[in-house]
K.L.:
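There's a structure below that I have some questions on.
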2 protein chains.
Amino acid sequence: MEWLDQVKWDERGLIPVIAQEASTGDVLMFAWMNREALQRTASEGRAIYFSRSRNKLWAKGEESGHVQTVHEIRLDCDHDVILLRVTQLGHEPGIACHTGRHSCFYQRLHEGAWQPCEPVLKDPSTFYK
Amino acid sequence: MEWLDQVKWDERGLIPVIAQEASTGDVLMFAWMNREALQRTASEGRAIYFSRSRNKLWAKGEESGHVQTVHEIRLDCDHDVILLRVTQLGHEPGIACHTGRHSCFYQRLHEGAWQPCEPVLKDPSTFYK
């Protein structure tokens, strides 16, 4: 598939991926994909990433139920970063973070320290068995 | 500085950075920072990245005039990705991309092909000498 060949995979065969909530514009999370993850994300319409720590594909929400429907896949000018426009399912408002927060980017630099600035919406022990 | 020590730098001493326009929520670009770039971004209030290809610091807009004012610096749950909330200066609407477009993510996957879906706002030859 030509569109997959046009992606510039890094030396590990991966590409960085930003997931943005389509309805709010919130940046929810950042992850990585390999060729198979991107191909399946496009064909299945839901986010499938590649876990570098576990060295395997990881369907977002497979354990937590917090699946991401993918509305749009964008590629940047250098062909080496992907932006997904998603709907975060499984909770309202959406929970993308494994800490039970809406977004993974919940720590803000304030007066020389990282401070949490988003609430935990759901106890992670209830969605990770 | 403790907040800089709490960042998980990768094996090259870098961290991925997402720049999001504060006013619109648009994801403008993706780049990298080293420790000095992040420290200076925080102290100077404007985006300073690290260029992997040129192996040196790169003050966004130093050549193009398309400087990014930084309103907020966020860190993700794993301490290994930064999200900046910025105002993109130098043009209205803001131009973050070296192609003269608003955002670097201007190519959309459509019917199995990457298709440009954002206009060139300004000819890059007018801001790169």
Side-chain angles (χ1 to χ4, degrees), chain A residues 1-4 6-7 10 15-32 38 41-43 52-53 70-85 96-101 103-118 124, chain B residues 1-4 6-7 10 15-32 38 41-43 52-53 70-85 96-101 103-118 124:
Chain A
M1 287 193 261
E2 202 185 338
W3 68 274
L4 283 167
Q6 288 165 348
V7 170
D10 74 7
I15 189 168
V17 181
I18 303 159
Q20 180 182 35
E21 191 167 54
S23 60
T24 61
D26 293 342
V27 175
L28 297 178
M29 56 175 281
F30 173 92
W32 297 83
L38 180 55
T41 295
S43 65
R52 293 178 305 166
S53 58
V70 174
H71 304 288
E72 196 173 68
I73 302 177
R74 291 202 179 202
L75 183 64
D76 81 331
C77 49
D78 294 329
H79 288 219
D80 61 2
V81 187
I82 293 282
L83 174 66
L84 301 181
R85 303 270 296 178
C97 186
H98 76 285
T99 65
R101 292 180 175 88
S103 162
C104 293
F105 296 93
Y106 62 83
Q107 300 173 96
R108 183 168 69 102
L109 184 62
H110 183 66
E111 296 179 353
W114 298 109
Q115 303 197 330
C117 58
E118 287 194 17
Chain B
M1 287 193 259
E2 203 184 339
W3 68 274
L4 283 167
Q6 289 166 346
V7 170
D10 73 8
I15 189 168
V17 181
I18 302 160
Q20 181 182 35
E21 191 167 55
S23 60
T24 61
D26 293 341
V27 175
L28 298 178
M29 56 176 281
F30 173 92
W32 297 83
L38 181 55
T41 295
S43 65
R52 293 179 304 165
S53 57
V70 174
H71 304 289
E72 196 172 68
I73 301 176
R74 292 204 178 201
L75 184 65
D76 80 331
C77 48
D78 294 329
H79 288 219
D80 61 3
V81 187
I82 293 281
L83 173 66
L84 302 180
R85 303 271 295 179
C97 185
H98 77 285
T99 64
R101 292 180 175 86
S103 161
C104 292
F105 296 93
Y106 62 83
Q107 299 172 99
R108 185 168 68 101
L109 184 61
H110 183 66
E111 296 179 353
W114 298 110
Q115 303 198 329
C117 58
E118 287 195 16

K.L.:
Return the minimal non-hydrogen interatomic distance between H79(A) and Q6(A), and the atom names on each side.
P.N.:
ND1-O, 2.9 Å
K.L.:
Could you report the tightest heavy-atom contact between C77(B) and T99(A), atom names first, then the distance?
P.N.:
CB-CG2, 4.2 Å
K.L.:
Apply side-chain hydrogen bond (donor to acceptor under 3.5 Å, both in side chains) to H98(B) and list each qualifying residue two or more places apart in sequence or on a separate chain.
P.N.:
none
K.L.:
Flag the one option from T24(A), I18(A), D78(A) with the top tally of heavy-atom pairs under 4.5 Å to chain B.
P.N.:
I18(A)
K.L.:
Checking heavy atoms, do the side chain of E2(B), its backbone, both or neither come under 4.5 Å from chain A?
P.N.:
neither
K.L.:
Which region of E111(B), side chain (C-beta onward) or backbone (N, CA, C, O), has a non-hydrogen atom less than 4.5 Å from a non-hydrogen atom of chain A, or is it both or neither?
P.N.:
neither
K.L.:
If we define contacts as heavy-atom pairs under 4.5 Å, which of Y106(B), F30(B), W114(B) has the most with chain A?
P.N.:
W114(B)
K.L.:
I need the residue from P116(A), A113(A), C97(A), G112(A) with the largest number of non-hydrogen atom pairs under 4.5 Å to chain B.
P.N.:
G112(A)
K.L.:
Which atom names give the shortest non-hydrogen contact between L28(B) and A96(B), and what distance separates them?
P.N.:
CB-CB, 3.7 Å
K.L.:
Please classify the contact between E118(A) and chain B as side chain, backbone, both or neither, with a heavy-atom cut-off of under 4.5 Å.
P.N.:
side chain
K.L.:
Please report the interatomic distance OG1(T41(A)) to CG(L84(A)), rounded to the nearest 0.5 Å.
P.N.:
6.5 Å
K.L.:
Taking the side chain from R108(B) and the backbone from C117(B), do they hold a donor-acceptor pair closer than 3.5 Å?
P.N.:
no
K.L.:
Between D76(A), L109(A), L75(A), which shows the greatest number of heavy-atom pairs under 4.5 Å with chain B?
P.N.:
L75(A)
K.L.:
If you count heavy-atom pairs under 4.5 Å between each of Q20(B), M1(B), H110(B), M29(B) and chain A, which one has the most?
P.N.:
Q20(B)
